[in-house]
Protein chains: 2
Amino acid sequence: MATVRKSRRGEILQCFTEMVAERGYDEVSVRDVAEALGISKGTILHHFRSKESLLEELHGDYMRRRLAEAHEFLAGFEDPVDQLQLIVYQLMISQRDDRAATVAFAREIVRFAGEDSMSDVRAMRAEYSALVTEIIRRGTEQGSFADVDPSLTALQLFGMCNWSWTWFEPAGAWSAGQIADEFCRTLIDGISRQAPPTELRGEVLAQAVVDAMKAHAADELSAPAGG
Amino acid sequence: MATVRKSRRGEILQCFTEMVAERGYDEVSVRDVAEALGISKGTILHHFRSKESLLEELHGDYMRRRLAEAHEFLAGFEDPVDQLQLIVYQLMISQRDDRAATVAFAREIVRFAGEDSMSDVRAMRAEYSALVTEIIRRGTEQGSFADVDPSLTALQLFGMCNWSWTWFEPAGAWSAGQIADEFCRTLIDGISRQAPPTELRGEVLAQAVVDAMKAHAADELSAPAGG
DNA sequence: GGCAACTGACCGTCCGGACGGTTAGTGTAT
DNA sequence: ATACACTAACCGTCCGGACGGTCAGTTGCC
């Protein structure tokens, strides 16, 4: 059963998604979407309660797709080393093959994030994070990975992949696959158990940075004064 | 010479920065800033040409600080392994100690990015990127790092650090220093020359992801139809 | 006739910016 | 010292325009 007259609901969300990816949420008005589709503004608000609910649906659809995919391809591989790479490939390939939604999702990641209307989206994001965290935990447990903090490493992974919305160009010098390859290489080698790990000296370095920041924080305040 | 009457210019930019960090550029109106400071809207537009120029100055100040710091602390260390870590520490510590500006900068990173008014900011960002890329290139050259793509690795570093604006809490479970430590650990071990590197199998994994995405891309279109 | 898709006119609100006018410090000539 | 010119900081008001959202009504399929 379902649709009597062919609804343009899907088209509306699609167009909205592309525009948000291009310009950002508040630079897209309901008017813009209506005009681009040659329909009236009322039609959009007939299908969607509000502009905010359009973004909510955008986020929801995006997370639903990523979760469905992840559950599917993770089932085909047991090794956490494989599974973690799958996640990186997924996030980078979605930059290419699900570009508009991915960019829109990443650039508006915090918009309405705390609102009640976004609770479903929050739950899905938590589920996805848990998925990745668990992969890393299992990798550590079975001895493939060093004793890293699983949650923090997951955030590191999300960062390197999600941030690429700011610079990745599908037709650019690097393909999504190449980027994923390099990111995997670094990430997997970086957390794989190996002897001995490179010797670092964080405290000395961190102190040097703090000193430099103190020195230049003074610049701001002293600039307008003097004389 | 200099200031006749004590100007509130600095306060305006500071308040604007905090509000943009909190809510984002278009959720902050010039009125909001004026009211928060108990001054008139006219005063703000007396000091700054436009709202856009406030953001431009925010970006400019942020990049100027980071560049000045970087030039200073990099001069104290020769080894690219040290230098690369310094960059990670800088970016994470600025999340803690220069929080408002860092968050505002990261969340509005693309706003007006192509505009003429932002050409200075673009130049500074290019300079900073070149700095980091060059560190990695030297590390590879001298044999500390594997043969990675320096620019791509720089983007990976920026991603993991910059994205943290979306989740980092100064009073949260991890301190900025701990995060930087872990990120350095993974990144440095990940790109350090080591024998043999973990064996990966990108093509099989990437294919599994593409298959899963194809399968679930169909969901969208089939959902409204059927029956 | 019932129902969903859709229209288009309309509201109240808020925004960025412009503008003319006022106030308070500073340098200078007397 | 004091009168004057100048400048920068600051205020309050106004405006055109765009925004999200509402609603009564029309169309066309079952």
Side-chain angles (χ1 to χ4, degrees), chain A residues 1-17 19-20 22-59 104 108 111-112 115-118 223-227, chain B residues 1-17 19-20 22-59 104 108 111-112 115-118 223-227:
Chain A
M1 48 194 74
T3 51
V4 176
R5 265 155 91 191
K6 188 176 96 184
S7 157
R8 309 193 68 174
R9 193 173 195 281
E11 273 178 85
I12 292 168
L13 187 56
Q14 178 60 29
C15 179
F16 175 75
T17 300
M19 284 183 165
V20 170
E22 190 98 1
R23 313 186 217 156
Y25 180 77
D26 2 48
E27 300 299 326
V28 175
S29 72
V30 179
R31 266 182 188 77
D32 293 336
V33 178
E35 278 170 25
L37 292 174
I39 61 178
S40 100
K41 198 156 66 74
T43 304
I44 296 178
L45 288 141
H46 165 74
H47 287 295
F48 300 89
R49 236 168 308 115
S50 63
K51 186 187 172 188
E52 178 176 340
S53 79
L54 269 158
L55 189 68
E56 182 214 317
E57 195 141 335
L58 189 165
H59 272 77
E108 301 299 344
R111 183 101 44 179
F112 307 127
E115 237 79 350
D116 289 346
S117 63
M118 284 289 190
Chain B
M1 53 181 72
T3 49
V4 176
R5 261 157 93 190
K6 187 177 96 183
S7 158
R8 310 193 66 175
R9 193 173 195 282
E11 272 179 86
I12 292 168
L13 187 56
Q14 178 60 29
C15 179
F16 175 75
T17 300
M19 284 184 166
V20 171
E22 190 97 7
R23 312 184 219 158
Y25 179 77
D26 0 50
E27 300 299 325
V28 176
S29 74
V30 179
R31 265 182 190 78
D32 292 337
V33 178
E35 279 170 22
L37 292 173
I39 63 178
S40 109
K41 202 158 63 77
T43 302
I44 295 178
L45 288 143
H46 165 74
H47 286 295
F48 300 88
R49 239 169 306 116
S50 62
K51 186 189 172 187
E52 178 176 341
S53 80
L54 269 158
L55 189 68
E56 182 213 318
E57 195 141 333
L58 188 165
H59 272 77
E108 301 299 343
R111 182 103 42 180
F112 307 128
E115 238 78 350
D116 287 348
S117 62
M118 284 289 190

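Every chain is numbered from 1, with letters handed out A, B, ... down the list of sequences.
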Exercise for review: Quickly work out the A:E35 CD to D:dG20 P distance and round it to whole Å.
Suggested key: 12 Å
**Study point:** B:V33 versus B:C15, closest heavy-atom pair with distance
**Key:** CG1-SG, 4.1 Å
Check your understanding: Taking OP1 and OP2 of D:dA8, is either one under 4.0 Å from a side-chain nitrogen or oxygen of B:H47?
Key -> no
Point to revise | Short side-chain N/O contact to D:dC10 OP1/OP2 from B:H46, under 4.0 Å | key: no
Check your understanding: Would you say the base of C:dG17 and the side-chain of B:K41 have a donor-acceptor pair closer than 3.5 Å?
Key -> yes
Practice item. Please state how far atom CZ in B:R49 lies from atom P in C:dA18, giving the value in whole angstrom units. Key: 11 Å
Check your understanding: Base, sugar-phosphate, or nothing for B:R8, non-hydrogen atoms under 4.0 angstrom?
Key -> sugar-phosphate
Exercise for review: Whole angstrom is fine here: how far is it from CD in B:E27 over to P in C:dG16?
Suggested key: 11 Å
Revision key, fill the gap. Regarding the side chain of A:T43, the nearest nucleotide among C:dT7, D:dG12, D:dT22 is C:dT7
Review point. Would you call B:K51 and B:Y25 a side-chain contact if the rule is heavy atoms closer than 4.5 Å?
Key: yes
Revision key, fill the gap. By nearest-nucleotide position on DNA chain D, the 5'-leaning member of B:I12 and A:D26 is B:I12
Point to revise | Closest listed nucleotide, where the reference is the side chain of A:S40 and the choices are C:dG17, C:dT7, D:dG12 | key: C:dT7
**Study point:** Proximal nucleotide (of D:dC11, C:dA5, C:dT7) relative to the B:I39 side chain
**Key:** D:dC11
Review point. Just how far, in rounded Å, is C1' of D:dA9 from CG of B:L13?
Key: 17 Å
Practice item. Assess whether atom CD of A:E22 is packed by more than 12 heavy atoms of other residues, nucleotides or ligands within 6.0 Å. Key: no
**Study point:** Within-4.5 Å side-chain heavy-atom neighbours: A:H46 and A:R9
**Key:** no
Review point. In whole Å, what is the span from the CZ atom of A:R9 to the C1' atom of C:dC6?
Key: 15 Å
Practice item. Indicate, with a heavy-atom threshold strictly under 4.0 Å, whether B:V33 touches base, sugar-phosphate, or nothing. Key: nothing
Review point. Side chain of B:R23, backbone of B:E27: donor and acceptor closer than 3.5 Å?
Key: yes
Exercise for review: Between C:dC15, C:dA4, C:dC10, spot the one nearest the side chain of A:R31, thanks.
Suggested key: C:dC10
Exercise for review: When you get a sec, tell me which of C:dC15, D:dA9, C:dG16 is the closest nucleotide to the side chain of B:K51?
Suggested key: C:dG16
Check your understanding: What's the CG-C1' distance between A:L45 and C:dC11, to the nearest Å?
Key -> 14 Å
Check your understanding: For B:I44 and C:dG16, what is the distance between atoms CD1 and C1' respectively, to the nearest whole Å?
Key -> 11 Å
Check your understanding: Please give, in whole Å, the distance from D:dA9 P to B:F48 CZ?
Key -> 11 Å
Practice item. For A:S29, answer base if it contacts any base atom (sugar-phosphate contacts may also be present), sugar-phosphate if it contacts only those atoms, and nothing otherwise; contact means non-hydrogen atoms under 4.0 Å. Key: sugar-phosphate
